Amino acid sequence: MTKKELALEVIERLKREYPDAGCTLDYDDAWKLLVSVRLAAQCTDERVNIIVQDLYKYYPDLNSLAEADVEDIERIVRPCGLGKSKARDISACMKVLRDEYNGKVPDDFNLLLKLPGVGRKSANLIMGDVFGKPAIVTDTHCIRLVNRIGLVDGIKEPKKVEMALWDIIPPEEGSDFCHRLVFHGRDVCTARTKPYCDKCCLEDICAKAGI
Ligand code: SF4
């Protein structure tokens, strides 16, 4: 089986396994997803979903968050870890959106990448989830699973994994595929325990590399 054929088979099986898998960060506006994805670095999505409720109690819209003192943002987001840099990035990002984009999140990957605190992972997430465009989100689950499955061979650097996946994943499938990898990575192909290969829907086609 070529890597492309393997990718298509994995995509189909994960679709059956997790038909409704979507983004696990809660948001009802594009700028809120930008805030959440910055907070999610080295923090669980569950915790982020709780902390942002606090944040939006004080700053319910983009303008109020752009005007907030960085120290006040930091006090609220501190439980997510890296409070100082996350608060600084969120504040700077909201100011740029307010001042340069009329309060709207741009639907252009390269413009997103220029926003403070926004890297390829975040920009891809926004492109896929907010704008429904092709996207490959290489988070920790994605990188671990595509290596184990054999879709990439020993690549750990997020951008390199992303580029390798663009070669074998149909663009329109990328965003949902990555969300499903997160679900599979949490439930079955786990990081902290031995993966549960005996109950995995990919067991007969997975390379089980490195386990
Ligand atoms: S067979 Fe094992 S290593 Fe492969 S994806 Fe499933 S749980 Fe992970």
Side-chain angles (χ1 to χ4, degrees), residues 21-143 156-159 161-162 174-175 178-179 181-183 185-186 191-192:
C23 182
T24 47
L25 292 166
D26 298 337
Y27 69 98
D28 57 12
D29 214 327
W31 66 272
K32 290 184 178 175
L33 184 55
L34 270 177
V35 170
S36 289
V37 77
R38 181 65 191 94
L39 293 178
Q42 294 181 38
C43 182
T44 65
D45 290 356
E46 290 76 15
R47 184 180 289 260
V48 170
N49 289 337
I50 293 167
I51 299 300
V52 290
Q53 289 177 27
D54 265 356
L55 189 66
Y56 302 142
K57 243 189 278 172
Y58 294 97
Y59 310 110
D61 51 47
L62 188 149
N63 281 335
S64 57
L65 191 52
E67 272 156 35
D69 285 340
V70 177
E71 293 74 25
D72 291 334
I73 298 175
E74 186 194 344
R75 240 188 317 276
I76 298 171
V77 304
R78 195 174 292 145
C80 293
L82 307 171
K84 208 179 258 310
S85 63
K86 287 179 180 179
R88 190 192 56 221
D89 285 343
I90 288 168
S91 174
C93 184
M94 294 304 114
K95 285 185 170 75
V96 173
L97 291 178
R98 180 194 62 189
D99 298 340
E100 296 179 26
Y101 295 99
N102 204 21
K104 299 268 185 285
V105 175
D107 63 348
D108 179 291
F109 184 79
N110 291 314
L111 293 179
L112 285 167
L113 266 190
K114 287 185 184 154
L115 294 171
V118 176
R120 299 188 68 84
K121 187 181 96 175
S122 308
N124 268 300
L125 188 72
I126 299 283
M127 291 303 285
D129 277 36
V130 174
F131 299 116
K133 303 258 177 78
I136 302 267
V137 180
T138 49
D139 73 344
T140 172
H141 291 293
C142 171
I143 293 170
K156 298 289 152 100
E157 207 263 298
K159 185 176 176 186
V161 173
E162 185 195 322
S175 178
C178 292
H179 287 317
L181 288 177
V182 173
F183 280 74
R186 285 177 184 167
R192 291 200 179 86

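Note that the structure is a prediction, hence the values are computed from the model and not measured.
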*Asks:* Please evaluate residues M94 and V35 with respect to the criterion side-chain contact (heavy atoms from CB on, under 4.5 Å), reporting the C-alpha separation (whole Å), side-chain torsions for both, the decisive distance (0.1 Å), and the verdict.
*Replies:* CA-CA 9 Å; M94 294 304 114; V35 170; 3.7 Å; yes
*Asks:* Nearest heavy-atom pair of L34 and V37: which atoms, and what distance?
*Replies:*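 Smallest heavy-atom distance, with atoms named: O-CG1, 3.3 Å.
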*Asks:* Among all residues two or more places apart in sequence or in another chain, which pass the ring-ring contact (aromatic ring centres under 6.0 Å, His included) test with F183?
*Replies:*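 For F183, no residue satisfies ring-ring contact (aromatic ring centres under 6.0 Å, His included) once neighbours in sequence are set aside.
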*Asks:* Quick check: does any side chain N or O of K95 sit under 3.5 Å from a backbone N or O of A66, one acting as donor and the other as acceptor?
*Replies:*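 At least one qualifying donor-acceptor pair exists.
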*Asks:* May I ask you to check whether Y59 and W31 place their ring centers less than 6.0 Å from one another?
*Replies:*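 They do not qualify: ring centres at least 6.0 Å apart.
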*Asks:* Which heavy-atom pair separates V48 from C43 by the least distance, and what is that distance?
*Replies:*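 In terms of heavy atoms, the two residues are closest at CG2-SG, 4.0 Å.
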*Asks:* Between the side chain of N124 and the main-chain N/O of I136, is any donor-acceptor distance below 3.5 Å?
*Replies:*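 Yes, because the side chain of N124 sits within donor-acceptor range (under 3.5 Å) of the backbone of I136.
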*Asks:* Sequence neighbours left out, what passes side chain to side chain donor-acceptor pair (under 3.5 Å) with R120? Give chain and number order.
*Replies:*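 R120: side chain to side chain donor-acceptor pair (under 3.5 Å) contacts with E162.
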*Asks:* Passes side-chain contact (heavy atoms from CB on, under 4.5 Å), L55 versus I51? Steps please.
*Replies:* CA-CA 6 Å; L55 189 66; I51 299 300; 5.5 Å; no
*Asks:* Using atom types as modelled, flag every donor-acceptor pair under 3.5 Å from a side chain in residues 108-115 to any protein atom, sequence neighbours excluded.
*Replies:*
residue: D108; atom: OD1; partner: N110; partner atom: N; Å: 2.9
residue: D108; atom: OD1; partner: L111; partner atom: N; Å: 3.0

*Asks:* Determine, stepwise, if the pair V52 / L39 fulfils side-chain contact (heavy atoms from CB on, under 4.5 Å).
*Replies:* CA-CA 9 Å; V52 290; L39 293 178; 3.7 Å; yes
*Asks:* Filter on side-chain hydrogen bond (donor to acceptor under 3.5 Å, both in side chains), then keep only pairs touching residues 71-89, sequence neighbours left out; what's left?
*Replies:*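 Listed once each, the pairs are R38-D89, D72-R75.
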*Asks:* With rounding to the nearest 0.5 Å, note down the distance linking CG in D45 to CZ in R186.
*Replies:*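 Answer rounded to 0.5 Å: 5.0 Å.
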*Asks:* Counting only N and O atoms by type, is there a donor-acceptor contact under 3.5 Å from the side chain of N102 to the main-chain atoms of K104?
*Replies:*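 Not a single qualifying donor-acceptor pair exists.
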*Asks:* I'd like to check the side chain to side chain donor-acceptor pair (under 3.5 Å) partners of D28; sequence neighbours left out, ordered by chain and number.
*Replies:*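 Counting only residues at least two positions away or on another chain, D28 forms a side chain to side chain donor-acceptor pair (under 3.5 Å) with K32.
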*Asks:* Has N49 got a side-chain atom pairing as donor or acceptor with D26's backbone, closer than 3.5 angstrom?
*Replies:*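 Side chain of N49 to backbone of D26: a pair is present.
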*Asks:* Could you pull out all residues at least two apart from S64 that satisfy side chain to side chain donor-acceptor pair (under 3.5 Å)?
*Replies:*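 For S64, the residues satisfying side chain to side chain donor-acceptor pair (under 3.5 Å) (neighbours in sequence not counted) are D61.
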*Asks:* If you count heavy atoms of other groups shown closer than 6.0 angstrom to CD of Q42, is the number above 12?
*Replies:*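 Count not over threshold, so no.
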